[in-house]
Trainee: 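I'd like to ask you about the structure that follows.
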Number of protein chains: 2
Amino acid sequence: MTPNNPSYQRYLSTLKQSPFLKDSSIESLEALLSQMTEERWISKNFKSSLEVSTTFHFIISGRLKVFKSNPDTGREHTVFVLSNGDVFDVLSLLDAEPHDVYWEALDVLEVLKIPMDQMRLWINKYPIIHKAILYYLGERMRQLMDVATDVTLHSTLVRLATLLLKNVNGETQELELINNLPNDEIAGLIGTTRSVVSRHIQELKRCGAITVSRKKINVKNLQMLLSVAEEKHVP
Amino acid sequence: MTPNNPSYQRYLSTLKQSPFLKDSSIESLEALLSQMTEERWISKNFKSSLEVSTTFHFIISGRLKVFKSNPDTGREHTVFVLSNGDVFDVLSLLDAEPHDVYWEALDVLEVLKIPMDQMRLWINKYPIIHKAILYYLGERMRQLMDVATDVTLHSTLVRLATLLLKNVNGETQELELINNLPNDEIAGLIGTTRSVVSRHIQELKRCGAITVSRKKINVKNLQMLLSVAEEKHVP
DNA sequence: ACAAAACAACCACCTAGGTACCACTTGATG
DNA sequence: CATCAAGTGGTACCTAGGTGGTTGTTTTGT
């Protein structure tokens, strides 16, 4: 990609803000961008990691879920929802071990791609990035530990309330990140099934903690949601 | 610690074999060791991460479980069992964010400690280690993804069988790593409770997949265990 | 604007697995 | 060797939540 690409500046500024590329110089980012190509994923576009990934991706806009699934039962469990500034597939960047994870676009997704080998070369050229990557992975690790233990340590209602709380926008009381997600995606996020999510959303509506209008969930009573999340109170 | 410490050579060779310190030169490892002090943790010795950790630890021998818990119900979920060559707490090394995880010795544990700041200085001095750390974290990440999704995607029986399979020693058909672990530790590993583990161990015994004698579990029918783990067959 | 597909709500049933016991064994300790 | 605590086996009960199906409502594509 060359600087005369109409989206060049927008791409550059997204890269600059990416935690993965924290502390990288503008020159190094421009060098990186020059080797990248743009790609658009439409919703439901899907990628498996069973074929070892030879391309490294940066997300410019849109949302991507990373999930595992059980082909026998058809159930899925989402481990991350990635958005602008995030990258994948980091693990294939570090080593060539296979691991069976799936990626699927939840929206229209704008990504920048670069061949894995070139990304490795770039990293070796600008080794300062190692620290940023470590920091990035550490953050992911922490999230992942919660995902891992939430299912056994907390009930689905508590997990739902916690998920909502994690996504409330301070002013509007709206749920930015997970809004417009169908119930079964929410189910995947907290490790349960669609019908159980539906059941609990009704429960929270009934007791006045939230309101729902055309897929947008609004938080009405933050305090109540908090007490549900902390298992202090059963509605 | 100085080279005339009676265990010096043993410590050095454990460090040399640690994946966390992969590719480090002998000189750098000796520099590291010179700043470390030894410590012994007895079984059940316990450490919380709520006070931000100011010490970095290397495990020389013994097993340490890393777990999260729900203080209300008393349930625990183990995310890792660390042993010789492993390190903790990596996350506090990367940044100073709090995260509530607990560590507990399962055996007598030999650890080497070093103040967090000195460890950071050492890393900066020998930056080649960054790659090894990344690799190490990546491996952990992969394990963690399985832990995170196993509970929702597979039944407890399947998870138990999988855990056993992960630990069979090729020759003796014995379960090295998890042997001598009480049932409730096994329960913590697969995200369930003691009585359920007991129930399923009986089940596997009854159908001849394993035998149990004085805490040692032996695998009798590997094939059967495999088919249980793959959900092909319900005993 | 209309048909088709996707999604949400609701219900009724069912089972995996969690809770709470008690009784037996084992191994450690004074 | 007597006692005590820890670990285990086993049971009965119960409920959270998963399954499947039906209906009505949005959203989407043509």
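A note on names: the letters A, B, ... follow the listed sequences, proteins ahead of strands, and every chain is numbered from 1.
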Trainee: So, applying ring-ring contact (aromatic ring centres under 6.0 Å, His included) with B:F88, which one of B:F56, B:Y136, B:W103 is it?
Mentor: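 Only match with B:F88 under ring-ring contact (aromatic ring centres under 6.0 Å, His included): B:W103.
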
Trainee: For A:S195, answer base if it contacts any base atom (sugar-phosphate contacts may also be present), sugar-phosphate if it contacts only those atoms, and nothing otherwise; contact means non-hydrogen atoms under 4.0 Å.
Mentor: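 Here A:S195 touches the bases of the nucleic acid.
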
Trainee: Regarding A:T162 and A:H154, is there a side-chain donor-to-acceptor distance under 3.5 Å anywhere?
Mentor: no

Trainee: Could you state the atom-to-atom distance from CZ of B:R206 to C1' of D:dG10 in whole Å?
Mentor: 11 Å

Trainee: Any side-chain heavy atom of B:F58 within less than 4.5 Å of one from B:L21?
Mentor: yes

Trainee: Please report the distance, rounded to the nearest Å, between NE2 in B:H200 and P in D:dT8.
Mentor: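 Atom NE2 in B:H200 sits about 16 Å away from atom P in D:dT8.
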
Trainee: Show the nearest heavy-atom pair for residues B:T192 and B:R75, with the distance to one decimal.
Mentor: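 Here B:T192 and B:R75 meet closest at CA-NH2, 3.6 Å.
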
Trainee: Is it the case that B:Y102 and B:E76 place a side-chain donor and acceptor less than 3.5 Å from each other?
Mentor: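 No.
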
Trainee: Just compare C:dG17, D:dT8, D:dG17 and give me whichever is closest to any side-chain atom of B:S155.
Mentor: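 Looking only at side-chain atoms, B:S155 lies closest to C:dG17.
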
Trainee: Considering every strand and a 4.0 Å limit on heavy-atom distances, what is the contact class for A:S198: base, sugar-phosphate, or nothing?
Mentor: base

Trainee: Could you check how far CD of B:Q202 sits from P of D:dT11, rounded to whole Å?
Mentor: 10 Å

Trainee: B:I186 has an atom CD1; how far is it from atom P of C:dG17, in whole Å?
Mentor: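 Taking atom P of C:dG17 as the reference, CD1 of B:I186 is at 17 Å.
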
Trainee: As a test of reading the structure: which of C:dG17, D:dG18, C:dA8 is closest to the side chain of B:T156, going by heavy atoms?
Mentor: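 Output: C:dG17.
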
Trainee: Can you figure out which of C:dC7, D:dG17, C:dC21 approaches the side chain of B:R194 most closely?
Mentor: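 The closest nucleotide is C:dC21.
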
Trainee: Could you state the atom-to-atom distance from CZ of B:R75 to P of C:dG18 in whole Å?
Mentor: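 Whole-Å distance recorded here is 5 Å.
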
Trainee: Can you measure A:L153 atom CG to C:dG18 atom P for me and round it to whole angstrom units?
Mentor: 12 Å

Trainee: Please give, in whole Å, the distance from C:dT26 C1' to B:N183 CG?
Mentor: 14 Å

Trainee: Pick the nucleotide of DNA chain C nearest each of A:R199 and A:D184; which residue has the one closer to the 5' end?
Mentor: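 Mapping each residue to its closest nucleotide by heavy atoms, the 5'-most match is A:D184.
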
Trainee: Roughly, in whole Å, what's the span from NE2 in A:H154 to C1' in D:dA16?
Mentor: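 So the NE2-C1' distance, A:H154 to D:dA16, works out to 16 Å.
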
